[in-house]
Amino acid sequence: MMALHDINMALQFENVMLIKEGTIIGSGRPHEVLTRSMLKQAFDVDVEVRRSESDGTYISYAQNF
């Protein structure tokens, strides 16, 4: 078990757990847990989950800056 704050790194693991204020709000495979709506709920940021054959899956934060 490890705690990460880099969501893109978390995408590399088999299973993840999303925690907000000490409460588990999601647990399972990254593509099921690290969704746009779950990340909005956890971090109050609007992200985009992008998938491509060459780059794999990654989270884009561009619209927040």
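- Here the CD1-CG distance, from Ile7 to Leu18, works out to 7.5 Å after rounding to the nearest 0.5 Å.
- Contact record, Val33 with Ser27: CG2-C, 3.4 Å, taken as the closest heavy-atom pair.
- The side chain to side chain contact (heavy atoms under 4.5 Å, CB included) search around Ile19 returns Met17, Ile24, not counting sequence neighbours.
- Closest heavy-atom contact between Thr35 and Glu32: CG2-O, 3.6 Å.
- Scanning all heavy atoms of the two residues, the minimum distance from Pro30 to Ala10 falls at CG-O, 3.9 Å.
- Applying the side chain to side chain contact (heavy atoms under 4.5 Å, CB included) rule to Gln41 yields the partners Ile25, Met38; only residues at least two apart in sequence or on another chain are considered.
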For this session: Please step through side-chain contact (heavy atoms from CB on, under 4.5 Å) for the pair Leu11 and Leu34, ending with a clear verdict.
Result: CA-CA 8 Å; Leu11 288 167; Leu34 302 177; 3.8 Å; yes
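- With sequence neighbours left out, the salt bridge (Lys or Arg N to Asp or Glu O under 4.0 Å) criterion links Lys20 to no other residue.
- Remark: the backbone N or O of Val47 is paired with a side-chain donor or acceptor of Arg36 at under 3.5 angstrom.
- Within the model, atoms CD of Glu48 and CG of Leu39 stand 12.5 Å from one another, a figure rounded to the nearest 0.5 Å.
- Clustering of Ile, Leu, Val, Met, Phe, Trp and Tyr by side-chain heavy atoms under 4.5 Å joins Met1 with none of the others.
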